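Reckoned from all heavy atoms, side chains included, excluding hydrogens, waters and symmetry mates. Here the structure is a predicted model, which means the values were calculated and not measured. Numbers restart at 1 for each chain; the letters A, B, ... are given by sequence-line order, proteins then strands.
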Number of protein chains: 2
Amino acid sequence: MQDTRSLTPAGRRIVAAAEELFYDRGITAVGVDLIAEHSGVTKRTLYNRFGSKDQLVAVYLAERDRRWRSHVRAAVDACDSPAEAVLAPFEALRTWSGAGARGCAFINALAELPDPAHPAHRIAADQKLWLRNLFEELATAADRPRPAALATRLLVLHEGALATQPLALDTLTETTALARALVADDAV
Amino acid sequence: MQDTRSLTPAGRRIVAAAEELFYDRGITAVGVDLIAEHSGVTKRTLYNRFGSKDQLVAVYLAERDRRWRSHVRAAVDACDSPAEAVLAPFEALRTWSGAGARGCAFINALAELPDPAHPAHRIAADQKLWLRNLFEELATAADRPRPAALATRLLVLHEGALATQPLALDTLTETTALARALVADDAV
DNA sequence: TCGTAGGTATACTGATCTGTGAACACCTCC
DNA sequence: GGAGGTGTTCACAGATCAGTATACCTACGA
């Protein structure tokens, strides 16, 4: 859709406020008036920029997706070995959002917007598919056997750690350990 | 809270309609008028039984939790060996809801109701904790080493399979295979 | 026979939410 | 100096939603 950097200053502030409010309080629970107020902008401007709330939701998810991918890519680039790079998304998850333990923004969005025709569905599905393919690429680069199956397993582990995040069970360390074992041990 | 069997006939129909509608379309998106209409009951009766929509949401989640636990227990009891029983929740997940691929009702509820004071949070957290403890009990009964760590890993796998369910990637078979390997192989 | 519980029918209140209309101000670039 | 893009102010429409009020009906047990 639209790129954030091509937006006007007011548009960027709106997206920033939407990112925080939608994620923290839920999409349906947050009204456009609240977003306008938090971004110091009139509701009229919001509608002039984005046309509808649904469009703003799509921009919000696309922007979060963009930031997340960039965060993961940075973690991958920071790795020394290809084997270590396979685990980079888990390291990225650890450093992504310390306090804001509200789980995955895309899974949450799907929960609130059941209509498959909503643009949020494509964005969410694309994001997970992207991560799965990244896992497969990294596994291939690290010369792991059966990279496709390994990628699916790592994706499930990743989403499981993300989904159990709001439960305050501290599952990430155990999950990362298991992922490391999966990547290291060819037998499993 | 209230047990379903202690409810009046109209009350049971309301809970049944709420279960279907809340799960399929989302809690916030479904109004009390729609639930009353689908259960063939007046809105007045709904409020006489449950007092508020929040209360009805809590009853809905508690009832789904009860049904899910009973489903898992049945799968556990149907197993021949203790080692097989550790994997029963994954088998239960496979036979739980074939078509309704909307992910975990409790995670979805948390996404829509961010207020930690809402009764839904306690119910959801209790459900995941119950599953984790069940995994630990089953792992102990099957004489697996480090049952606590294994239970956490199996919980993450379970939640990961559930979270990726709406994405239509068919992750459950791969996840079950990994869980089986985890239970079988003491090294990992 | 009478009271009580469960339920119906219908209209209504008050709040909230998305989205629009119209007039006006500022700034930059041609 | 005019035009167009950006944003403001403020009122308002239209819809939806949670929850209430009032009156009435029926079955059943003491």
With B:Phe135 via ring-ring contact (aromatic ring centres under 6.0 Å, His included) - residues at least two apart = B:Phe90

Give each protein N/O atom lying under 3.5 Å from an N/O atom of nucleotides 26-29 of chain C, with the pair distance.
none

Touch check for B:Asn48, heavy atoms < 4.0 angstrom, all strands: base, sugar-phosphate only, or nothing?
-> nothing

Would you indicate what B:Thr8 reaches in the nucleic acid, counting non-hydrogen atoms under 4.0 angstrom: base, sugar-phosphate, or nothing?
-> sugar-phosphate

To the nearest Å, give me how far apart CZ (B:Arg12) and C1' (C:dG6) are.
-> 13 Å

With the side chain defined as heavy atoms from C-beta on, A:Lys43 is closest, among C:dT20, C:dG7, C:dA9, to C:dT20

When you match A:Asp33 and A:Arg44 each to their closest nucleotide on DNA chain C, which lands nearer the 5' end?
-> A:Asp33

Contacted region of DNA chain D by chain B, from 5' end to 3' end of the hits, cut-off under 4.0 Å to heavy atoms, spans D:dA18 to D:dT22

Between atom CG in A:Asp54 and atom P in C:dC17, what is the gap in whole Å?
-> 16 Å

Using a cut-off of 6.0 Å, state whether more than 12 heavy atoms not belonging to B:Asp77 lie near its atom CG.
-> yes

Mind checking side chain to side chain donor-acceptor pair (under 3.5 Å) for A:Asp54 and listing every partner two or more places apart, or none if nothing turns up?
-> A:His118

Do NZ/NE/NH1/NH2 and the carboxylate oxygens of A:Glu136 and A:Arg146 come within less than 4.0 Å?
-> no

Hey, does the side chain of B:Gln127 reach the backbone of B:Asp65 with a donor-acceptor pair shorter than 3.5 angstrom?
-> no

Using whole Å, report how far CZ of A:Phe50 lies from C1' of C:dT20.
-> 18 Å

Take the C1' atoms of the five end pairs on each side of the helix from C:dT1-D:dA30 to C:dC30-D:dG1, derive the two axes, and give their angle rounded to 10 degrees.
-> 0°

Just say parallel, tilted or perpendicular for the rings of A:Tyr60 and A:Phe22, cut-offs at 30° and 60°.
-> tilted

Examine the side chains of B:Thr171 and B:Thr164 and answer whether a donor and an acceptor come within less than 3.5 Å of each other.
-> yes

NZ/NE/NH1/NH2 to OD/OE distance under 4.0 Å, B:Arg67 and B:Glu19 = yes

How far apart are the C-alpha atoms of B:His38 and B:Leu21, what are their side-chain angles, what is the distance that settles it, and do they pass the side-chain contact (heavy atoms from CB on, under 4.5 Å) test?
-> CA-CA 9 Å; B:His38 270 243; B:Leu21 289 170; 3.8 Å; yes

Could you state the interatomic distance from CG (A:Leu61) to CG (A:Leu110), rounded to the nearest 0.5 Å?
-> 8.5 Å

Under 4.0 Å: is that the gap between some side-chain N or O of B:Arg49 and OP1 or OP2 of C:dG7?
-> yes

Whole-Å distance, B:Tyr47 OH to C:dA9 C1', equals 17 Å

Look at all strands and tell whether B:Gly51 reaches a base, only sugar-phosphate, or nothing, counting heavy atoms closer than 4.0 Å.
-> nothing

Rounded to the nearest angstrom, tell me the gap between atom CG in B:Leu46 and atom P in C:dG7.
-> 11 Å

Listed by chain and number, what are the side chain to side chain donor-acceptor pair (under 3.5 Å) partners of B:His71, not counting sequence neighbours?
-> B:Thr95

Taking CZ from A:Phe22 and P from C:dC17, how many angstroms apart are they, rounded to a whole number?
-> 12 Å

State, without any angle test, whether B:Arg132 and B:Thr152 hold a side-chain donor-acceptor pair at a distance under 3.5 Å.
-> yes

Report which part of the nucleic acid B:Gly11 touches: base, sugar-phosphate, or nothing (heavy-atom distance under 4.0 Å, all strands).
-> nothing

